[in-house]
Amino acid sequence: MSAGSPQRLLWRDVRVFDGLCELAEPMAVLVEDGRIAWLRPMAGLDEAAVAGAREAGRGGVLTPGLVDCHTHLLFAGDRADEFAQRLQGVSYAELARAGGGILATVRATRAASEEQLLAAARPRLQALLADGVTTLEIKSGYGLTVADELKLLCVARRLGEELPVRVVTSLLGAHALPPEYAGNSDAYIALVCEEMIPAAAAEGLADAVDMFCEAIAFAPEQCARVFAAARRHGLPVRVHAEQLSNQGAAALAARHGALSADHLEYLDEAGVQAMAAAGSVAVLLPGAFLDLGAVRRPPIELLRRHGVPMALASDANPGTSPLYLPTLLLHLACTLFHLSPDEALAGMTVHAARALGHDDFGRIAAGQRADLCLWDVARPAELAYAVQAGRLRQRVFGGAITYAR
């Protein structure tokens, strides 16, 4: 890794994907003091305007830094045995009901120290950075006690301090029902609302609150209690919704002003309309779709028709999406969900930033934070077309080159 401090940097003759589309002609891009100062066509570029700037790169494709807006990066152990069982026909729901799935990871994670969790997560995060990620969300959800959920959020914050990446955290206390609350989910939701959310908010460890609304997890009325508690403590909400069945969770979350609803394979038009009205982002997770062998796709055409922004994320987790190559997700979004290459790349830049509640990164535009990736490809569409590691030439975070090849 080659690191530097923010300075006046110039990229020349680059093909630019600005977060929404590929610009028509080769561009020059100037960065000053950690932000994008301007981008201008190379044709007729005034050299006086770039006097004194350091030329940081020439040629290639420049995109915003990738934003992975849905990950479960912090956990101990693995679920390779369950992967093998699912290949033999055992369903995800069956594994969960037998005490596997999320609860298997909870047992291992509770037993791990902060240092052990940090050491386990570091190579996963480094893999994401090596494939262009400059911002990611990290959820808790594998502790399911107040102390263990706060432990996970603390480690997430430490990762953001240790490595050149922006970490946004989500408290996912309502991820699964812990065994000590078996048969008493309302009591556990009370713990989440009355102790877990207040503690995470008071310590500044959570940027949002998330939960899993599903027949094998929590009911819509319990989701409403969690969302109300989050809002009382000034935290925006997100939701795992309509992955295995239609619980009406996306519409419910939208009524609570949700930043996003994620998964969405069983989302109906009423849910799409509610999301559009609220400005909630649809986060698509093709890694989990692929890994679980799902056959019902999210309603892409409905989302397009109603103008709901579609973000894209890795869902990096030990059970249903153990994937740490973000550009692979671009390819899967195109091949499995029939997004265009531009839609997929917008889904991991501008729309993913919006799903996290941010509008000052994820674009290449004047005034935006200078989180950038320079790729050794001829056109942006190649990033979705081919699955190939090693195409990242430079990674820029906050105006500083943190990786150069």
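We're numbering straight along the sequence, starting at 1.
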So, [X] versus [Y]: side-chain donor-acceptor pair below 3.5 Å or not?
| X | Y | result |
| --- | --- | --- |
| Trp11 | Gln394 | yes |
| Asp186 | Gln222 | yes |
| Ser340 | Asp342 | no |
| Asp315 | His70 | yes |
| Arg79 | Thr105 | yes |
| Glu269 | His306 | yes |
| Glu137 | Thr169 | no |
| Ser321 | Asp291 | no |

Are the side chain of [X] and the backbone N or O of [Y] linked by a donor-acceptor pair below 3.5 Å?
| X | Y | answer |
| --- | --- | --- |
| Glu22 | Pro380 | no |
| Glu242 | Gln247 | yes |
| Thr327 | Leu383 | no |
| Lys139 | Gly173 | no |
| Ser260 | Ala282 | no |
| Glu203 | Ala200 | no |
| Glu82 | Gly101 | yes |
| His351 | Ala311 | no |
| His263 | His240 | no |
| Glu114 | Leu152 | no |

CA sep, side-chain torsions, deciding dist, call: Asp359, Arg354, salt bridge (charged side-chain N to carboxylate O under 4.0 Å, His left out) | CA-CA 6 Å; Asp359 60 7; Arg354 180 174 171 181; over 6 Å; no
From [X] atom [atom1] to [Y] atom [atom2], the distance as rounded to the nearest 0.5 Å:
| X | Y | atom1 | atom2 | value |
| --- | --- | --- | --- | --- |
| Arg393 | Asp376 | CZ | CG | 4.0 Å |
| Leu125 | Asp68 | CG | CG | 10.0 Å |
| Arg124 | Leu159 | CZ | CG | 10.0 Å |
| Leu171 | Leu205 | CG | CG | 9.5 Å |
| Asn317 | Thr71 | CG | OG1 | 9.0 Å |
| Leu339 | Leu330 | CG | CG | 10.0 Å |

Quick test of your reading of the model: are [X] and [Y] salt-bridged, counting only N-O distances below 4.0 Å?
| X | Y | value |
| --- | --- | --- |
| Arg58 | Asp13 | no |
| Asp18 | Arg363 | yes |
| Glu32 | Arg35 | no |
| Arg158 | Glu115 | yes |
| Arg122 | Glu162 | yes |

Is the gap between the ring centers of Phe361 and His358 under 6.0 Å?
->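 They qualify: ring centres under 6.0 Å apart.
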For the pair Arg255 and Phe227, evaluate side-chain contact (heavy atoms from CB on, under 4.5 Å) and give the outcome as yes or no after the intermediate values.
-> CA-CA 10 Å; Arg255 292 195 292 273; Phe227 295 156; over 6 Å; no
Taking all atoms of both residues into account, what is the closest heavy-atom pair of [X] and [Y], and its distance?
| X | Y | value |
| --- | --- | --- |
| Gln368 | Gly362 | OE1-N, 3.8 Å |
| Arg395 | Leu392 | CB-CD2, 4.0 Å |
| Ile138 | Leu74 | CG2-CD1, 3.8 Å |
| Leu144 | Glu149 | N-OE2, 2.9 Å |
| Leu10 | Ala53 | CB-CB, 4.1 Å |
| Met42 | Ala28 | SD-CB, 3.8 Å |

Could you walk me through whether Ile216 and Leu244 pass side-chain contact (heavy atoms from CB on, under 4.5 Å), step by step?
-> CA-CA 9 Å; Ile216 62 171; Leu244 306 174; 3.8 Å; yes
Could you go through the ring-ring contact (aromatic ring centres under 6.0 Å, His included) check for Phe289 and Phe337 one step at a time?
-> CA-CA 10 Å; Phe289 180 92; Phe337 294 165; 5.0 Å; yes
Could you walk me through whether Val283 and Cys69 pass the side-chain contact (heavy atoms from CB on, under 4.5 Å) test, one step at a time?
-> CA-CA 8 Å; Val283 178; Cys69 65; 3.8 Å; yes
Take Glu265 and Arg297, measure what salt bridge (charged side-chain N to carboxylate O under 4.0 Å, His left out) needs, and give me the verdict at the end.
-> CA-CA 5 Å; Glu265 282 85 340; Arg297 297 183 179 92; over 6 Å; no
Take Arg391 and Glu382 through the salt bridge (charged side-chain N to carboxylate O under 4.0 Å, His left out) test and state the conclusion after the steps.
-> CA-CA 10 Å; Arg391 293 174 292 179; Glu382 290 183 41; 5.9 Å; no
Please state whether the rings of Phe218 and Tyr188 are parallel, tilted or perpendicular, taking 30° and 60° as the class boundaries.
->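 If you compare the ring of Phe218 with that of Tyr188, the planes turn out parallel.
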Worked check of salt bridge (charged side-chain N to carboxylate O under 4.0 Å, His left out) between Asp33 and Arg8 = CA-CA 7 Å; Asp33 299 322; Arg8 197 162 185 255; over 6 Å; no
For atom CZ of Arg97, is the number of surrounding heavy atoms from other residues, nucleotides or ligands below 6.0 Å larger than 12?
->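 No, CZ of Arg97 has 12 or fewer neighbouring heavy atoms, counting only those of other groups under 6.0 Å.
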If you count the non-hydrogen atoms of other residues, nucleotides and ligands that lie under 6.0 Å from OH in Tyr385, is the total more than 12?
->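 At most 12 heavy atoms, drawn from other residues, nucleotides or ligands, come within 6.0 Å of this atom.
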Min side-chain heavy-atom separation Val209-Val192 under 4.5 Å =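 Contact flag for Val209/Val192 side chains = no.
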So Val239 and Asp262, side-chain contact (heavy atoms from CB on, under 4.5 Å) or not? Walk me through it.
-> CA-CA 6 Å; Val239 65; Asp262 305 24; 5.9 Å; no
Applying the side chain to side chain contact (heavy atoms under 4.5 Å, CB included) test to Val67, which of Thr349, Leu356, Leu136 qualifies?
->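 The single option meeting the side chain to side chain contact (heavy atoms under 4.5 Å, CB included) with Val67 is Leu356.
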